[in-house]
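A quick note: this is a predicted structure, and the numbers were derived from the prediction, not measured. All chains are named by letter (A, B, ...) in the order of the sequence lines, taking the proteins before the strands, and each is independently numbered beginning at 1.
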2 protein chains.
Amino acid sequence: MLDLKKLHYFITVANEASVTNAAKKLNMTQPPLSHQIKVLEKELGVELMHKVGRNIELTSAGAILHEQGKEILESINILEKKLQDVHNGTAGILSIGSATSWGAPFLSEQVSIFNERYPQVQFRFYDDMQHSILSLLEKRVVDLSIVFPPFNHKLYNYIAMPKEPLIAVMRKKWDTAPLKKTTTFEELADRPLIINMKAEEHLTAYYKNSEIKPNIVCVHDDVRSMLLLAKTGLGIALIPKAANWVKYEENDMVYKIVDRPTSQINPHIIWLKKYKLSNVADKFLKLIMAE
Amino acid sequence: MLDLKKLHYFITVANEASVTNAAKKLNMTQPPLSHQIKVLEKELGVELMHKVGRNIELTSAGAILHEQGKEILESINILEKKLQDVHNGTAGILSIGSATSWGAPFLSEQVSIFNERYPQVQFRFYDDMQHSILSLLEKRVVDLSIVFPPFNHKLYNYIAMPKEPLIAVMRKKWDTAPLKKTTTFEELADRPLIINMKAEEHLTAYYKNSEIKPNIVCVHDDVRSMLLLAKTGLGIALIPKAANWVKYEENDMVYKIVDRPTSQINPHIIWLKKYKLSNVADKFLKLIMAE
DNA sequence: CCGTGTTACGTATTGCGTAACTATA
DNA sequence: TATAGTTACGCAATACGTAACACGG
């Protein structure tokens with residue numbers, strides 16, 4: 001097997017067209033360098049250079065090794081640098097699962113900052129139901145996931161993200177109190193609601209001991225679809241404030257914060273305890289915690 | 001600098017996903033292999049793999065090194081093989097100068113055989129005047145040249161190729177003796193001749209002490225042009241028999257051997273004594289001498 | 001002879017195997 | 001307790017420097 005050290009020696013000699021000068025560049029004495037070239041020739045079973053008068057001249061094999069060898073050394077240098085970057089978490093792929101499209105928006109800002117600082121990191125988001133996302137973690141397809149409680153605290157490490165209020169998105173015709181900027185579950189109870197599955201559980205729990213039954217007209221896990229449905233006038237969409245990047249530029253739409261702590265949703269970033277985090281993921285989490 | 005031996009170790013371990021199995025494949029014991037991987041990690045400053053339970057698992061940096069490292073090792077293997085071939089003279093470039101297009105035809109058969117046997121060798125022909133060709137040899141642009149005597153026997157090694165008769169190519173109208181298959185300089189003397197520069201010297205020498213003066217209508221160094229001129233009926237082209245690959249498929253053309261030993265031309269392959277021949281050139285010469 | 005590259009030899013480093021140890025399922 | 005990987009140590013091979021040699025302009 002070719003030895004890169006000797007290859008490097010040879011290429012330096014070929015560049016300098018002189019063993020003595022090459023030895024200086026390599027911070028070594030001339031005789032062992034000369035010897036190493038001979039050894040390299042023996043190892044390859046090939047003449048690489050020979051003295052012609054006082055100078056040195058490459059054979060055709062030597063010329064080929066000179067050209068291609070340079071490329072190989074170069075590609076190895078690039079590879080080494082890449083490895084360092086990946087190791088430092090400043091390059092590579094960061095895969096994040098998010099429990100339905102409800103999750104991703106909470107990270108959009110941090111992703112943006114991280115990308116600006118480490119443009120060599122590629123993000124990959126996997127949207128799915130919460131239980132599927134957990135299995136993606138288990139299969140190590142994703143490094144991190146954004147989920148909503150409850151989840152098993154024994155299996156996962158987690159960071160709780162800032163709580164996020166729900167907002168109610170509706171056409172004006174559904175707005176029974178146009179002067180108020182907020183609303184409540186009680187106010188909303190009799191009007192048609194468009195909610196996601198998680199919120200359905202919330203509401204069911206919330207109204208458990210009450211006589212009021214919410215009027216759920218549609219359950220959908222995709223925020224954009226929910227907003228579209230709201231826009232058609234089907235009902236009132238309850239979505240996390242952070243997910244409200246799709247603002248319909250129409251006067252006819254009304255956005256109200258649902259004014260009740262229990263209505264806030266509580267995204268968590270989780271990852272498996274039993275596996276060591278990738279370095280990129282680690283670096284990303286540090287960024288999040290620094291905020 | 002990355003060490004290819006260790007890289008090879010690492011890749012084997014990564015392929016096997018086991019140090020023990022890899023050690024078997026590498027015909028070594030397991031502990032030093034494990035140790036070398038650790039050393040490699042230290043040299044790179046990067047974690048490549050870690051135990052997870054009883055098994056081993058690549059880090060993302062390790063996965064990258066696995067992929068790219070394989071490619072690098074592969075390209076090095078290919079390079080090594082190529083170097084062997086070039087060294088054996090079974091691959092590479094063989095540059096041959098030929099003193100005008102008169103030269104190349106003498107080698108066409110050998111070139112063809114050589115190419116069939118060693119298809120990785122590329123031939124490059126350089127056609128020019130004899131003195132230019134000699135300077136191409138001196139500049140080491142070409143390895144070998146085909147020339148015609150005289151040349152300096154002290155500077156060049158040479159192989160004399162079989163002597164080659166001239167043939168006279170003419171339209172029927174110039175054929176004064178249709179029954180004879182050969183002709184002579186005397187017969188041709190009064191008819192218009194199309195010859196090359198070398199032949200001009202020959203003829204001048206030949207007729208030096210004679211009263212006959214040859215009727216030279218055109219001097220041209222390119223065989224194909226000479227044949228074309230003959231075909232137009234301008235005169236009689238004198239060309240080496242070997243160069244007669246351009247046969248005009250017309251009944252109106254006549255081809256006659258010039259029947260006189262002195263009219264034979266005498267191609268030589270020459271190369272510089274003071275430089276060592278390239279291995280391809282050497283191999284090619286061996287082929288020629290074997291015939 | 002001066003500036004090349006080569007040969008010869010002693011020393012420090014590296015790399016392997018064996019043996020003892022550690023950890024996980 | 002069996003089967004993986006790790007640590008410890010001694011010996012053999014390798015690569016370097018120094019010194020002496022060879023050769024061409």
Next on the checklist: I'd like to compare against my own output: the B/S/- annotation of nucleotides 15-25 of chain D with a strict under-4.0 Å heavy-atom distance to protein.
Outcome noted: SSBBB----BB
Spacing between [X] atom [atom1] and [N] atom [atom2], to the nearest angstrom:
{"X": "B/His8", "N": "C/dG15", "atom1": "NE2", "atom2": "P", "value": "16 Å"}
{"X": "A/Ile37", "N": "C/dT7", "atom1": "CD1", "atom2": "P", "value": "14 Å"}
{"X": "A/Asn21", "N": "C/dG5", "atom1": "CG", "atom2": "C1'", "value": "13 Å"}
{"X": "B/Glu16", "N": "D/dA4", "atom1": "CD", "atom2": "P", "value": "13 Å"}
{"X": "A/Asn55", "N": "C/dT4", "atom1": "CG", "atom2": "P", "value": "9 Å"}
{"X": "B/Lys38", "N": "C/dT14", "atom1": "NZ", "atom2": "P", "value": "19 Å"}
{"X": "B/Lys24", "N": "D/dT3", "atom1": "NZ", "atom2": "C1'", "value": "11 Å"}

Next on the checklist: My understanding is that only residues two or more places apart in sequence, or in another chain, count here; which of them pass side-chain hydrogen bond (donor to acceptor under 3.5 Å, both in side chains) with A/Glu109?
Outcome noted: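 By the side-chain hydrogen bond (donor to acceptor under 3.5 Å, both in side chains) rule, A/Glu109 matches no residue at all.
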Next on the checklist: Ring centroids only, cut at 6.0 angstrom: are A/His153 and A/Phe151 within range, meaning strictly under it?
Outcome noted: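 Here the rings of A/Phe151 and A/His153 have centres that are less than 6.0 Å from each other.
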Item to check | Ring centres under 6.0 angstrom apart (A/Tyr118, A/Phe284) | outcome: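 So the answer is no for these two rings.
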Checklist entry - Using the ring of each side chain (for Trp, its six-membered ring), is A/His268 parallel, tilted or perpendicular to A/Tyr158, with breaks at 30° and 60°? => result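 Geometry flag for A/Tyr158 against A/His268: tilted rings.
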Please tabulate, one pair per line, all N/O donor-acceptor pairs under 3.5 Å involving side-chain atoms of residues 28-36 of chain B, not counting sequence neighbours.
none

Item to check | Side-chain donor/acceptor of B/Ser95 to backbone N/O of B/Asp143, under 3.5 Å | outcome: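 Pair absent, no side-chain N/O of B/Ser95 close to backbone of B/Asp143.
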Item to check | Residue-phosphate contact under 4.0 Å: B/Thr20 side-chain N/O, D/dG5 OP1/OP2 | outcome: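 For D/dG5, OP1 or OP2 has a side-chain N or O of B/Thr20 closer than 4.0 Å.
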